[in-house]
Each structure stands twice: as structure tokens, then as C-alpha cells.
Amino acid sequence: MTTDTTGTVARDGESRPGGPADSPFIRACRRRPGPHTPVWFMRQAGRSLPEYREIRATVPMLESCRRPELVTEITLQPVRRHGVDAAILFSDIVVPVAAAGVDLDIVPGTGPVVAEPIRTAADVERIRPITRDDVWYVDEAVRQLVVELGDTPLIGFAGAPFTLASYLVEGGPSRTHAKTKALMYGDEELWHALCGRLAEVTLAFLRVQIDAGVSAVQLFDSWAGALSEADYRRFVLPHSTAVLSGLVDAGVPRIHFGVGTAELLGAMGEAGADVVGVDWRTPLDVATGRIGPDKAVQGNLDPCVLLAPWPVVEAEVRRILEQGRAAPGHVFNLGHGVLPETDPEVLTRVVALVHELSSRPADQG
């Protein structure tokens, strides 16, 4: 893939106008004007869609992530149904660490469960580097999707080192991250060795997706909000920076997102992303002041608002669009993932409303 300075992309080696790199989504990520504010939803591929639940009824989560034909179909479902401005690859943040040799499973109703949590340097050493061959199914699914999506950009993603480390140390999801923090504070050398290894795995995983044709990537640090800014800077920022700076030559926008990160937004903006995702707790104009004027923002409708009556949803969409104007680029999204009980029709209506309210004259696009 080659990228020229105007933002047009050619997968056949020749630049051409249009295509995913000229889409409203990529334009917003690059802080360039477009015909409307683009919108997509975290966890749009699955969760609330009946067609997704039908596919997944008899297929375990990890298996569905390893079958390119299922990944392709599930990724396309919200694009067909909602008309969103970008697709996000259907996968899970633990896919690359499983490929790296960690014995884990995604247990329904619980989440990732690790058979032997990380405790020692020897445990870290067992996390081996990954190559394209280890995640060939991701490479194949991305290549299929690029063809199917045409001008609609595809977002690749991965979990950030801190969030992955938390799962590996806790052995599964945690509300307090107590074991994670105990290791972080108690054995700093081991902590940095673990996060450094996970940064290498994450970078390799994102590179596979970029080489296969994704138009942007998002680094999820879902649990970083459990930390103070000082701890984030000391224990997390160097490793997230290693991932994002490792992609500086990749030619695609980089998005960084976490939950409960109001006090961390400035530091997260320093990690090297082009776009910083903001959860629903912080107004976008306030977030922009913390992140700085050289980053686009993404967000940040509270997912629970989608369960409210439509007039409430519409008012909140209007508020977020207005606050998003303070940023040099705005990608409309939720402040976290779509809840399973969300009515898909509401998501479709939100997409249409965002497009209608943010529509710009052709000479401004």
C-alpha cells in the first residue's frame, strides 16, 4: 500500500482520488474538513444485532475471531444496517496474546480468563513474539473486508499494554486491579518487562492489520482510568508510546481510547495518537482543552442514553456535536461500547441524525 500527501491511497501502487483515505472519517482523523461529521460506534460489530447473535449462538468467541468468513460477515453487519462511516474489525483484544502462547479463553458472561496468571520473569518469557503466520486469519479477514467495503474505511485495533497486562496478571476481569497494581508497585522491573513484551506483540498485531489494508487503527486502554496521572506516566505511557510511535511511518491515523481517563487525557495525547477517544464523563470541549489543539477527538455519547426516549437521545446528540466543534476534528462515537440491550434502530437513527445536523455545503467539505 502507498499513501501520498493528499490523503489518497492506492493498494495497486498508483495514487487515485477518493477511496477510504478521502472518506469523512479519515478526513476528521486528519483534522481536515469533510461533508459531515463521521460516526461509528465502538462494539458496533455484534452485541446488539440479532444477526450477530444468530451467528454466535453456536460459535465460541475466540473461534469466531479465527474464522475469516465470520469476521468478515460480522464486521460488515453494522455497515449494512446503520450506514456508519467506518467499519471496525471484529476481533478481541486478547487474540494476539493467545497467539503469543498465553493459555486463555473468553468465557461467556465473564470475559477473558487466563489459565496461569503472570507472576514471574519466567512467565513473561513465555509470551513469545508473533508474526503474520500466527494471526493469518486476521490478515485474511482484513484483505476480504477491504474489497467488500470499497470506499468505507476499516479500523483495525488492539489492546494497549496496560489493559492486556491487567488481564494477564489478574487472571481475568477485575474491578480493583489490585493484583496488577501490587505487581506494578512491588516489582517495577518485572512490570516494565511484561509491558515491554506486550507492546512488541501489540505493535506486531497492528502491523499485520495495516499491511493487510486497514485505513486506521485504535489502541484500546480500557482500564487505564484506574490509575493516577503520575502512575500512568511512570508505568504506562512509555509502553503505549512505543506502540503508537512504532506506527508513525504506517501512513494511517492512530486513535487512542480509554475509560475513566478524564485526568489522563493530556498524558494520553502525548502517547502519539492522531485522535484521542473521550468517554462520556468529560465534555468534548473540555477534553480538547486538556488534549491540545493538534489532536482530533472521538466520542462521546453515553451508551445508556441510547436506552432513553428519542427526544433525549436527539438532545444529547446535538449537545455532543456542538461541543465537538471546539476540536480541530471530531469523530462522533459513544463514550464506550454499545450495550447489548440497545435497540439497533436507535443506532441507525443516530447515524442519520449526526449526518443531517453536521451536513456542510460542498465548498466546505
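Just so it is clear, the model here is predicted, and its values are computed rather than measured. Basis for what follows: all heavy atoms, side chains included, without hydrogens, waters or symmetry-related copies.
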Colleague: Given 3.5 Å as the limit, does a donor-acceptor pair link the side chain of Lys181 with the main chain of Ala226, or not?
Modeller: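 Here the side-chain-to-backbone pair exists.
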Colleague: How close do Ala99 and Val135 get, heavy atom to heavy atom, and via which atoms?
Modeller: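 What the structure gives for the nearest pair is CB-CG1, 3.8 Å.
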Colleague: Answer yes when Arg349 and Glu345 have at least one side-chain N-carboxylate O distance shorter than 4.0 Å, and no when they do not.
Modeller: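 Here Arg349 does not pair with Glu345 in a salt bridge, since their nearest N and O are not under 4.0 Å apart.
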Colleague: Should Glu51 and Arg81 count as an ion pair when the cut-off is N to O under 4.0 Å?
Modeller: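 Yes, charged N to carboxylate O under 4.0 Å.
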Colleague: Under a 4.5 Å side-chain heavy-atom rule over Ile, Leu, Val, Met, Phe, Trp and Tyr, are Trp136 and Leu203 clustered together?
Modeller: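 Trp136 and Leu203: one cluster.
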Colleague: Rounded to the nearest 0.5 Å, how far apart are CG of Leu49 and CZ of Arg43?
Modeller: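 If I round to the nearest 0.5 Å, the distance is 14.0 Å.
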Colleague: Would you confirm whether Asn333, through its side chain, and Met42, through its main-chain N or O, come within 3.5 Å as a donor-acceptor pair?
Modeller: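 A pair under 3.5 Å: yes.
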Colleague: Should Glu73 and Ile55 count as side-chain neighbours, where that means a heavy-atom distance under 4.5 Å?
Modeller: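 Answer yes - side chains close enough.
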Colleague: Between Ser174 and Thr180, does a side chain to side chain contact (heavy atoms under 4.5 Å, CB included) hold up when you go through it step by step?
Modeller: CA-CA 9 Å; Ser174 171; Thr180 304; over 6 Å; no
Colleague: Strictly distance-based, threshold 3.5 Å: is any side-chain N or O of Arg132 a donor or acceptor partner for the main-chain N or O of Val208?
Modeller: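 Absent.
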Colleague: With heavy-atom distances below 4.5 Å as the criterion, would you say the side chains of His82 and Pro344 are in contact?
Modeller: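 Yes. Closest side-chain heavy atoms under 4.5 Å.
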Colleague: Yes or no on salt bridge (Lys or Arg N to Asp or Glu O under 4.0 Å) for Arg234 and Asp231, after CA distance, side-chain angles and deciding distance?
Modeller: CA-CA 5 Å; Arg234 179 175 180 177; Asp231 285 345; 5.9 Å; no
Colleague: I'd like to know if Asp134 and Arg128 make a salt bridge, using a cut-off of under 4.0 Å between side-chain N and carboxylate O.
Modeller: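 Answer for the salt bridge query: yes.
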Colleague: Please lay out, stage by stage, how Glu69 and Gln144 fare under the test side chain to side chain donor-acceptor pair (under 3.5 Å).
Modeller: CA-CA 8 Å; Glu69 73 281 2; Gln144 291 178 8; over 6 Å; no
Colleague: Can you confirm whether Leu321 sits close enough to Val317 that some side-chain heavy atom of one is under 4.5 Å from a side-chain heavy atom of the other?
Modeller: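 In short, these two side chains touch, coming nearer than 4.5 Å.
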Colleague: For Ile127, does its backbone N or O pair with a side-chain atom of Arg197 as donor and acceptor, under 3.5 Å?
Modeller: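 Yes; at least one donor-acceptor contact below 3.5 Å.
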Colleague: Are Trp310 and Val39 linked, directly or through intermediate hydrophobic residues, by side-chain heavy-atom contacts shorter than 4.5 Å (ILVMFWY only)?
Modeller: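 Yes, one cluster joins them.
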Colleague: Using the side chain to side chain contact (heavy atoms under 4.5 Å, CB included) rule, take Val276 and Phe257 through it: C-alpha gap first, then chi angles, then the decisive distance, then the call.
Modeller: CA-CA 6 Å; Val276 177; Phe257 172 76; over 6 Å; no
Colleague: Below 30° counts as parallel, above 60° as perpendicular, anything between as tilted: where do the rings of His336 and Trp280 land?
Modeller: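 Plane angle under 30°, so parallel.
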Colleague: Using side-chain heavy atoms (C-beta onward) and a distance below 4.5 Å, is Val354 in contact with Ile320?
Modeller: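 A side-chain contact is absent here, since even the closest heavy-atom pair is not under 4.5 Å.
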Colleague: Got a second to check how far Leu168's CG is from Leu198's CG, nearest 0.5 Å?
Modeller: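 With rounding to 0.5 Å, CG (Leu168) is 5.5 Å from CG (Leu198).
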Colleague: Do any N or O atoms from the side chain of Gln44 and from the backbone of Phe41 form a donor-acceptor pair under 3.5 angstrom?
Modeller: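 Indeed, once roles are kept as given, a pair shorter than 3.5 Å links the two residues.
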Colleague: I would like to know whether Val169 and Leu194 meet side chain to side chain contact (heavy atoms under 4.5 Å, CB included); could you show each step before the answer?
Modeller: CA-CA 10 Å; Val169 173; Leu194 171 59; 3.8 Å; yes
Colleague: Answer yes or no: is there an ion pair linking Arg319 with Glu316, defined by an N-O contact shorter than 4.0 Å?
Modeller: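 Judged by the 4.0 Å cut-off on N to carboxylate O distance, Arg319 and Glu316 do form a salt bridge.
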Colleague: Can you name the closest pair of heavy atoms from Asp85 and Pro38 and give their distance?
Modeller: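 Asp85 and Pro38 have their closest heavy atoms at OD2-CA, 3.3 Å.
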Colleague: Should Asp249 and Arg207 count as an ion pair when the cut-off is N to O under 4.0 Å?
Modeller: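 Looking at Arg207 together with Asp249, the answer is yes, because their closest N to O distance falls below 4.0 Å.
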Colleague: Might you point out which heavy atoms bring Gly111 and Pro173 nearest each other, and give the distance in Å?
Modeller: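 Closest approach of Gly111 to Pro173, heavy atoms only: CA-CG, 4.3 Å.
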Colleague: Is there a path of hydrophobic side-chain contacts, each under 4.5 Å between heavy atoms of I, L, V, M, F, W or Y residues, that connects Leu353 with Val331?
Modeller: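 Linked within one cluster.
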Colleague: Before giving the answer on side chain to side chain contact (heavy atoms under 4.5 Å, CB included), spell out for Val217 and Leu247 the whole-Å C-alpha distance, their side-chain angles and the decisive distance to 0.1 Å.
Modeller: CA-CA 10 Å; Val217 293; Leu247 300 173; 4.0 Å; yes
Colleague: I'd like to know if Lys295 and Asp274 make a salt bridge, using a cut-off of under 4.0 Å between side-chain N and carboxylate O.
Modeller: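 Looking at Lys295 and Asp274, the cut-off is not met.
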Colleague: Taking the side chain as every heavy atom from C-beta outward, state whether Thr342 and Arg47 have any atom pair closer than 4.5 Å.
Modeller: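 With C-beta onward as the side chain, the pair stays apart.
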Colleague: Any side-chain to backbone donor/acceptor pair from Glu263 onto Ser228? Under 3.5 Å, distance only.
Modeller: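 No, Glu263 side chain to Ser228 backbone: no donor-acceptor pair under 3.5 Å.
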Colleague: Ile155 versus Phe25: any side-chain heavy-atom pair under 4.5 Å?
Modeller: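 Answer yes - side chains close enough.
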Colleague: Of His256, Arg254, Gln298, which meets side chain to side chain donor-acceptor pair (under 3.5 Å) against Gln218?
Modeller: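 For Gln218, the side chain to side chain donor-acceptor pair (under 3.5 Å) check succeeds only for Gln298.
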Colleague: Do Leu190 and Val97 belong to the same hydrophobic cluster, where Ile, Leu, Val, Met, Phe, Trp and Tyr are linked whenever their side-chain heavy atoms lie under 4.5 Å apart, directly or via other members?
Modeller: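 Yes, it is one cluster - the side chains of Leu190 and Val97 are joined through contacts under 4.5 Å.
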Colleague: Which pair of heavy atoms, one from Leu357 and one from Arg325, lies closest together, and at what distance?
Modeller: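 The pair with the smallest heavy-atom distance is O-NH2, 4.4 Å.
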Colleague: From Ile74 CD1 over to Ser91 OG, what is the distance, rounded to the nearest 0.5 angstrom?
Modeller: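 Going from the CD1 atom of Ile74 to the OG atom of Ser91 covers 10.5 Å.
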Colleague: Tell me yes or no: between the side chains of His177 and Ser166, is some donor less than 3.5 Å from an acceptor?
Modeller: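 Per modelled atom types, His177 and Ser166 side chains form a pair under 3.5 Å.
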Colleague: Supply the atom-to-atom distance Thr75 OG1 to Leu145 CG, rounded to the nearest 0.5 angstrom.
Modeller: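 Nearest 0.5 Å value for the OG1-CG distance: 5.0 Å.
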Colleague: Would you say that Leu306 contacts Asp343 through its side chain, given a criterion of any heavy-atom pair below 4.5 Å between the two side chains?
Modeller: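 No, too far: nothing below the 4.5 Å cut-off.
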Colleague: What I'd like to find out is whether the side chain of Tyr137 reaches to under 4.5 Å of the side chain of Val95, using heavy atoms alone.
Modeller: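 In contact.
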Colleague: Under a 3.5 Å distance rule, please check whether Arg56 uses its side chain to pair with a backbone N or O of Val59 as donor and acceptor.
Modeller: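 Yes.
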Colleague: Decide whether Val305 and Val346 are clustered together by the hydrophobic rule: side chain heavy atoms of Ile, Leu, Val, Met, Phe, Trp, Tyr closer than 4.5 Å, transitively.
Modeller: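 Linked, Val305 and Val346 end up in one cluster.
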Colleague: Within this structure, what is the CG-CD1 distance for the pair Leu164 and Ile118, rounded to the nearest 0.5 Å?
Modeller: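 Going from the CG atom of Leu164 to the CD1 atom of Ile118 covers 11.5 Å.
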Colleague: Determine whether the aromatic ring centres of residues Tyr232 and Phe162 are separated by less than 6.0 angstrom.
Modeller: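 No, ring centres 6.0 Å or more apart.
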Colleague: How about Glu63: does its CD atom have over 12 heavy atoms from other parts shown lying under 6.0 Å from it?
Modeller: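 Yes.
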Colleague: May I ask you to decide if the ring planes of Trp223 and Tyr167 are parallel, tilted or perpendicular, using 30° and 60° as cut-offs?
Modeller: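 Perpendicular.
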Colleague: May I ask you to decide if Asp151's main-chain N or O and Ser23's side chain share a donor-acceptor pair within less than 3.5 Å?
Modeller: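 Flag not set: sc Ser23 to bb Asp151 has no pair under 3.5 Å.
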Colleague: I would like to know whether Thr288 and Asp285 meet side chain to side chain donor-acceptor pair (under 3.5 Å); could you show each step before the answer?
Modeller: CA-CA 5 Å; Thr288 295; Asp285 50 354; over 6 Å; no
Colleague: Can you say whether the rings of Phe235 and His192 are parallel (under 30°), tilted (30 to 60°) or perpendicular (over 60°)?
Modeller: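 Phe235 vs His192 ring planes: parallel.
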Colleague: Is the side chain of Thr163 donor-acceptor paired with the backbone N or O of Ser222 at a distance under 3.5 Å, no angle test?
Modeller: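 Checked: pair present.
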Colleague: Minimum heavy-atom separation for Leu265 and Ala287, please, with both atom names.
Modeller: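 Scanning both residues, the minimum pair turns out to be CD1-CB, 3.7 Å.
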Colleague: Determine, for Glu322 against Arg318, whether the closest basic-nitrogen to carboxylate-oxygen distance falls under 4.0 angstrom.
Modeller: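 Between Arg318 and Glu322 there is no salt bridge, as every charged N stays at least 4.0 Å from the carboxylate O atoms.
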Colleague: Looking at Ser48 and Leu347, what are the two nearest heavy atoms and their distance?
Modeller: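 Nearest pair, atom of Ser48 first, then Leu347: OG-CD1, 3.9 Å.
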Colleague: Could you tell me the separation between the CG atom of Leu227 and the CZ atom of Arg233, rounded to the nearest 0.5 Å?
Modeller: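 Leu227 atom CG to Arg233 atom CZ measures 13.0 Å (nearest 0.5 Å).
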Colleague: Can any side-chain N or O of Thr241 pair as donor or acceptor with the backbone N or O of Leu237 at less than 3.5 Å?
Modeller: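 Yes.
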